[in-house]
Amino acid sequence: MTKSFKRYTVTAALPYANGPKHIGHLAGAYIPSDVYVRYLRLTGQDVIFVCGSDEHGTAIPNQALKENTTPRAIIDKYDDLIRTCFEHLGMSFDIYHRTSEPIHHQTSQEIFLSLYNKGLLTEESSEQYFDPEANVFLADRYIVGTCPKCGHTNAYGDQCEKCGSTLSPRELINPRSTLSGKSPVLKLTKHWYLPLENYEPWLREWILKSHQEDWKPNVYGQCKSWIEAGLQPRAMTRDLDWGIKVPLKEAEGKVLYVWFDAPIGYISATRALFEEVHSGQLKFATPRRDLGKASKDDWKKYWQGSDTRLIHFIGKDNIVFHCIIFPVMLHATGEYIVPDNVPANEFMNLEGDKMSTSRGWSIEMHEYLADFPDKPDVLRYALLTNLPEAKDSEFTWKDFQAKNNNELVAILGNFINRAVVLTQKYFENKVPLQKNLQAVDKKALEELSQYPAKIAASIETFRFREATANLMDLARVGNKYLAETEPWKLAKTDLNRVGTILNIALQIAASLSVVCEPFLPFTARKLKDMLGVGELPWEQAGQPDLLRAGSALYDAPLLFEKIEDAVIEAQIKKLLDTKRTMELASQPAAPAKTEISFDDFSKLDVRIGTILKAERVDKSKKLLKLQVDTGLDVRTVMSGIAEHFSPDQVEGKQVTILVNLAPRKIMGVESQGMILMATDKDGSLKLISPGEQVSPGSVIS
RNA sequence: GGCGCGGUAGCUCAGGUGGUUAGAGCGUUGGAUUCAUAACCCAAAGGUCGGGGGUUCAACUCCCCCCCGCGCUACCA
């Protein structure tokens with residue numbers, strides 16, 4: 001931490017190009033990283049800021065199927081959408097690249113080969129599901145079946161969207177291929193693994209020991225949890241036809257695992273940045289400062305120089321990849337540096353519920369921009385003041401309105417407007433002279449001089465909320481100064497004095513135009529234009545003489561405008577409407593299973609039984625141990641319903657039971673049968689009882 | 001169940017290595033003011049710092065137990 005660095009490489013999580021991105025993503029990674037980088041640039045640091053679209057992985061072809069198009073069309077569409085939104089929100093990347101670019105394929109393959117040639121990857125063959133009809137291995141996402149956790153009949157092989165559980169394809173009951181609809185078969189396939197466990201001592205030393213102090217508790221804690229749980233080999237390749245080819249002859253039809261190639265995208269983007277600057281042909285690069293005579297190899301300084309400080313900005317869902325897997329990859333090559341900090345944020349909720357594009361409960365970037373095209377800074381501010389830095393936070397439209405009306409308009413906009421209007425009124429819109437200073441003036445200037453350092457200290461320690469609050473406090477200093485000096489009263493008697501006061505007020509405004517740039521870049525631009533100041537470095541902020549007496553002020557439009565209640569109400573209504581639409585659209589009844597014969601059916605012995613006794617199972621959250629009168633006998637059945645029913649809710653109830661299911665031991669107890677349940681749309685379980693009381697053992701047919 | 005992160009004013013959140021009357025913004029109430037987008041400025045009310053033990057001269061801050069929320073993970077035939 002005390003180490004001194006010559007340059008910075010700052011990355012923001014590569015957004016996955018399978019759909020639009022919402023304001024939670026902005027709050028997690030993009031806004032903080034942009035503030036950080038803009039600040040570094042103002043202080044003259046050598047920094048590059050890289051990002052780009054993550055365009056591989058199984059979800060892309062999956063989304064293509066959903067939209068009835070090609071993977072290429074999907075990534076082009078969402079790359080364009082996300083790229084445009086970022087631009088309109090003021091994200092100041094030096095390059096926004098794409099992982100589908102050839103240079104990224106090359107970089108990823110080089111790093112894979114570097115690990116392979118050093119003998120650091122292990123090869124392992126395992127049985128994976130294969131669709132003999134389509135003649136391909138099935139990615140997790142292409143296998144559907146019954147969720148073993150909630151019984152949802154259309155769960156994906158990696159996740160059940162009904163109950164949210166993470167799954168592996170082998171766990172699915174009655175797996176089916178989504179390509180052919182047939183049952184897949186298990187087939188042997190070889191993959192390359194990175195044995196993370198070999199790096200445990202290094203990870204302990206690097207993270208647990210040397211970053212205990214400077215990494216955020218939420219990040220450090222999660223790393224610790226992973227390391228102590230025991231690391232395992234992680235597959236670096238997949239059987240898939242969408243992605244980066246594994247550069248080995250024996251790996252026909254295999255690609256690099258998307259989580260192997262995605263973070264390498266940062267490196268590829270950096271390479272592309274310097275290649276484009278070097279060649280003078282900018283395609284993805286938008287360098288924000290003069291990179292001088294860039295050479296093609298300059299990227300190496302930013303990824304291999306031990307005097308480079310690497311910072312990854314991500315959301316909490318990415319911690320394990322950015323703190324464990326990717327660093328191990330980089331470290332193992334022996335050539336790359338590892339991150340000095342990973343200031344991951346938690347999640348931002350929305351109006352009391354988790355944000356989710358698929359559930360329609362979100363504010364998508366492009367929708368916000370469509371509805372508030374001239375207000376990117378208002379969103380930046382509302383998010384900045386409520387970033388989930390230490391814990392999940394919450395965005396509400398009402399809060400958004402309050403932040404705009406009570407702070408941006410009433411404090412910051414109002415102060416600027418007061419200073420400028422008074423200057424127009426008494427001094428023909430020219431900066432008046434600063435004459436003899438009184439105590440109140442000195443106090444204001446003294447306070448002014450403190451703020452830039454205060455704000456800087458907060459930014460440097462990744463406390464962006466605090467930094468933003470300090471920014472607004474500086475505007476408060478200005479308002480207070482005007483309230484104390486009351487220049488509108490003195491104007492009748494002492495215009496010299498008024499001039500001094502307004503000069504100081506305008507100096508505060510000038511400093512504001514500098515220090516607000518990282519947070520509110522569009523506002524900073526307007527304010528600088530208004531005051532006629534150019535681009536000033538951070539170190540000049542806080543000085544009492546940024547504006548020269550006699551210099552003219554320019555047009556002074558209002559920086560912010562009030563947002564009326566009706567606008568906010570409309571947004572809330574829109575949110576609720578979208579959610580309802582999505583619920584209806586995304587929840588058709590599960591499709592019918594494949595046909596069976598009557599003989600198949602008659603193999604099942606389903607009956608009505610009565611639950612005589614139910615008890616919780618020690619050390620289990622989901623299991624109830626039931627004694628069921630089946631008419632034939634009284635038997636023990638273990639049932640995963642404890643999260644839906646308490647024991648006394650089910651005791652005495654008649655239920656449907658599959659009695660001829662092979663017994664199996666669960667949590668050390670033999671379970672003899674299975675209670676059948678209906679799973680409702682919301683994932684809740686319902687008992688299936690006869691319409692009227694029947695004798696235990698009644699056969700269902 | 002295990003591991004991790006949280007539980008601080010009505011709301012959203014701050015509170016390195018324990019130390020005088022626990023903070024900010026918003027909201028509420030009162031005052032002052034009119035240059036300003038009825039904005040600004042001042043002041044007040046409001047908290048058993050999740051609960052209970054313990055260490056200490058002293059704990060929101062350290063230790064133990066419990067409760068609640070979130071995440072990962074295991075049991076679900």
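Proteins come first, then strands; the chains are lettered A, B, ... in the order of their sequence lines, and each starts at number 1.
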Does CH2 belonging to Trp259(A) count more than 12 external heavy atoms closer than 6.0 Å? yes
Base-pairing mate for C60(B) - Watson-Crick or G-U, with both contacts under 3.5 Å: none
So which one's nearest nucleotide on RNA chain B is more toward 5', Ala662(A) or Val477(A)? Val477(A)
Residue met sooner reading RNA chain B from 5', once Glu466(A) and Asn479(A) are mapped to nucleotides: Glu466(A)
Under 4.0 Å between a Lys/Arg side-chain N and an Asp/Glu carboxylate O for Glu561(A) and Lys375(A)? yes
Mate of U21(B) across any strand shown (Watson-Crick or G-U wobble, both atom pairs under 3.5 Å) is none
Report the base-pairing partner of G4(B) (Watson-Crick or G-U wobble, both distances below 3.5 angstrom), or none. C70(B)
Pairing partner (Watson-Crick or G-U wobble, both distances under 3.5 angstrom) of A32(B): none
Measure the shortest side-chain to side-chain distance between Ile143(A) and Arg176(A) over non-hydrogen atoms and say whether it is less than 4.5 angstrom. no
Using side-chain heavy atoms (C-beta onward) and a distance below 4.5 Å, is Glu466(A) in contact with Ile459(A)? no
Pro217(A) side chain, from C-beta outward: closest of G25(B), C5(B), U34(B): C5(B)
Using the side-chain heavy atoms of Lys354(A), tell me which of these nucleotides is nearest: C76(B), G71(B), C42(B). G71(B)
Nearest to the side chain of Lys489(A) - U33(B), C76(B), C40(B)? U33(B)
So what does Ala419(A) hit on the nucleic acid, given a heavy-atom distance under 4.0 Å: a base, only sugar-phosphate, or nothing? nothing
